[in-house]
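What follows is a single structure, written as structure tokens, with notes after it.
Atom set for the values below is all heavy atoms of this structure, side chains included, hydrogens, waters and symmetry mates excluded.
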Amino acid sequence: MPEIPVFDHDTVLAAIPPAEAIDRVRDAFVRHYDGEWVMPSKVYLDAPDGPGDFRAMPARGSGLAILKWITSFPGNGAKGLPVVMGLVCVSDASDGRPLALIDARAVTMLRTGAVAAVAAQELAREDAASVGLVGCGVYGAWAARCLAAAEYGPGICYDLDPDAAGALAGELGWEAGAIEDALSCDIVTCVTPGHEPVVTEDALRPGTHFNMLGADGPGKAEAEPAAVAKCRLFCDEWNQAAHGGELTPAVAAGLVTRDQVTELGAVMTGVAEGRASDDEITLFDSTGLAIQDLAITHALLEAHKAGAVKAPAVRL
């Protein structure tokens with residue numbers, strides 16, 4: 001078995017700037033919708049004790065096949081551990097040879113942030129500028145960085161931890177504010193654990209675009225079902241969104257059906273219409289796709305091949 005490179009967290013983030021992550025994720029949506037890149041829906045495996053789960057996310061395209069094996073354990077913070085951990089295993093799609101191991105947490109940060117920018121570019125008003133960020137943890141921070149890289153801003157950062165909001169606002173030259181301030185912006189991006197809704201019917205304003213990134217599994221939601229039902233709805237992939245994303249509670253309540261939801265790839269390829277008017281309220285449900293992880297993987301391996309980044313090798 002040949003030696004393969006192992007890319008740690010810092011190497012991944014250093015290799016791919018936010019602007020490139022945005023371009024790569026945009027390309028992945030198009031390739032997936034056109035059938036060039038393929039993936040099944042993610043598989044969940046519950047942990048035996050308490051809240052937490054394991055997720056398997058395979059994808060194949062442009063010569064690579066990957067499996068992202070990633071976890072979500074909400075109680076890990078109390079143990080001094082990240083909530084999310086895992087690996088991306090990379091193989092040659094033509095013969096199955098192992099090619100690399102990658103820190104999955106860093107890959108997830110980049111593609112989660114990138115999809116917020118891509119969705120805003122496709123669905124927000126043309127004159128949209130201000131960003132309201134609800135949730136300034138690790139993934140919220142990357143969403144903000146990518147939105148800033150896409151030239152959105154200034155923004156209002158809100159978090160239950162005011163120090164987290166203040167630190168991120170200081171980094172980006174934005175402001176820390178109340179949740180009402182964040183929800184009044186042109187592009188509202190929610191990146192909370194999804195245990196309690198933060199978007200209500202009263203928070204809806206004509207012309208707003210919502211990125212909902214936190215509800216990444218069954219039982220989670222960042223918006224009330226009635227608020228969701230009043231928006232023009234988009235998602236990354238219907239099968240996942242209908243069963244484990246922001247749309248799930250509204251679908252279960254009979255407030256939303258399949259024909260009311262447009263996949264972002266359809267908009268990007270011109271198959272479906274995006275925002276129809278400046279007054280429309282658009283909502284994008286991001287559940288996280290393996291093809292997005294595949295896009296970041298391609299970027300990383302290309303950077304490594306070009307000598308832009310180095311990584312230790314291991315023999316399996």
Side-chain angles (χ1 to χ4, degrees), residues 12-13 16-33 37 39 41-42 55 57 59 61 66 68 70 72 84 88 104-124 128 131-135 137-152 155 187-192 194 209-217 220 222-223 233-241 244-247 261-269 274-275 282-300:
V12 176
L13 296 181
I16 307 167
E20 182 177 2
I22 292 167
D23 288 343
R24 295 284 185 153
V25 167
R26 170 178 289 279
D27 180 63
F29 271 101
V30 173
R31 290 177 184 269
H32 177 244
Y33 197 82
W37 286 13
M39 64 165 206
S41 296
K42 70 177 75 171
R55 304 171 190 190
M57 302 174 62
I66 68 164
K68 185 166 83 167
I70 196 160
S72 177
V84 172
V88 177
R105 187 165 176 254
V107 172
T108 306
M109 290 176 186
L110 285 167
R111 60 91 145 148
T112 299
V115 78
V118 171
Q121 290 170 331
E122 293 295 326
L123 303 174
V131 175
L133 186 72
V134 181
V138 170
Y139 298 97
W142 278 99
R145 291 171 189 136
C146 288
L147 284 161
E151 301 185 351
Y152 290 111
I187 300 165
V188 177
T189 298
C190 297
V191 200
T192 74
H209 171 67
F210 288 94
N211 285 321
M212 312 303 288
L213 308 183
D216 59 350
K220 296 183 178 183
E222 297 184 285
L233 300 175
F234 301 85
C235 71
D236 50 13
E237 202 268 340
W238 168 254
N239 288 332
Q240 285 192 179
E246 188 62 47
L247 301 180
V261 183
T262 303
E263 291 187 352
L264 188 60
V267 177
M268 297 171 68
T269 55
R275 169 179 292 273
T282 53
L283 183 149
F284 172 67
D285 178 14
S286 174
T287 59
L289 304 183
I291 51 106
Q292 299 165 6
D293 302 308
L294 177 61
I296 301 299
T297 297
H298 272 288
L300 179 63

Of the non-hydrogen atoms in [X] and [Y], which two are nearest, and what is the gap between them?
X: Glu222; Y: Val191; answer: OE2-N, 3.4 Å
X: Ala119; Y: Phe284; answer: CB-CD2, 3.5 Å
X: Met57; Y: Ala290; answer: CE-N, 3.6 Å
X: Ile66; Y: Thr297; answer: CG2-CG2, 4.1 Å
X: Leu123; Y: Gly274; answer: CD2-CA, 4.2 Å
X: Ala114; Y: Cys146; answer: N-SG, 3.5 Å

(Q) Do Arg105 and Tyr139 make a side-chain contact, defined as non-hydrogen atoms from C-beta onward lying under 4.5 Å apart? (A)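 Sidechains of Tyr139 and Arg105: in contact.
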Determine whether a donor-acceptor pair (N or O, by modelled atom type, separation under 3.5 Å) exists between the side chain of [X] and the backbone of [Y].
X: Asp285; Y: Cys235; answer: no
X: Gln240; Y: Gly288; answer: yes
X: Asp236; Y: Ser286; answer: no
X: Asn239; Y: Ser41; answer: no
X: Glu246; Y: Met212; answer: no
X: Gln292; Y: Ala28; answer: no

Pairwise distance [atom1]([X]) to [atom2]([Y]) - rounded to 0.5 angstrom:
X: Leu264; Y: Phe29; atom1: CG; atom2: CZ; value: 5.0 Å
X: Ile187; Y: Leu147; atom1: CD1; atom2: CG; value: 6.0 Å
X: Ile296; Y: Leu13; atom1: CD1; atom2: CG; value: 10.0 Å
X: Ile22; Y: Asp27; atom1: CD1; atom2: CG; value: 14.0 Å

Q: Evaluate side chain to side chain contact (heavy atoms under 4.5 Å, CB included) for Leu213 paired with Val115, printing each intermediate quantity in order.
A: CA-CA 9 Å; Leu213 308 183; Val115 78; 4.2 Å; yes
Q) In chain order, what residues pass the side chain to side chain contact (heavy atoms under 4.5 Å, CB included) check against Ala104, with sequence neighbours excluded? A)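 By the side chain to side chain contact (heavy atoms under 4.5 Å, CB included) rule, Ala104 matches Lys68, Ile70, Val88.
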Q: With sequence neighbours excluded, tell me which residues meet side chain to side chain contact (heavy atoms under 4.5 Å, CB included) with Thr262.
A: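 Partners of Thr262 by the side chain to side chain contact (heavy atoms under 4.5 Å, CB included) criterion, ordered by chain and then number, come out as Phe234, Ala266, Val267, Ala272.
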Q: Report the relative orientation of the aromatic rings in His298 and Trp37; use parallel for angles under 30°, tilted for 30 to 60°, perpendicular for over 60°.
A: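 Ring orientation, 0 to 90° scale: parallel.
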Q) Should Val118 and Met268 be marked as a side chain to side chain contact (heavy atoms under 4.5 Å, CB included) after you check the CA-CA gap, both sets of side-chain angles, and the distance that decides it? A) CA-CA 10 Å; Val118 171; Met268 297 171 68; 4.0 Å; yes
Q) Excluding sequence neighbours, so at least two apart, what forms side-chain hydrogen bond (donor to acceptor under 3.5 Å, both in side chains) with Trp142? A)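 Once residues adjacent in sequence are excluded, Trp142 has no partner under the side-chain hydrogen bond (donor to acceptor under 3.5 Å, both in side chains) criterion.
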Q: Step by step, work out the side chain to side chain contact (heavy atoms under 4.5 Å, CB included) result for Tyr152 and Gln121.
A: CA-CA 9 Å; Tyr152 290 111; Gln121 290 170 331; 3.8 Å; yes
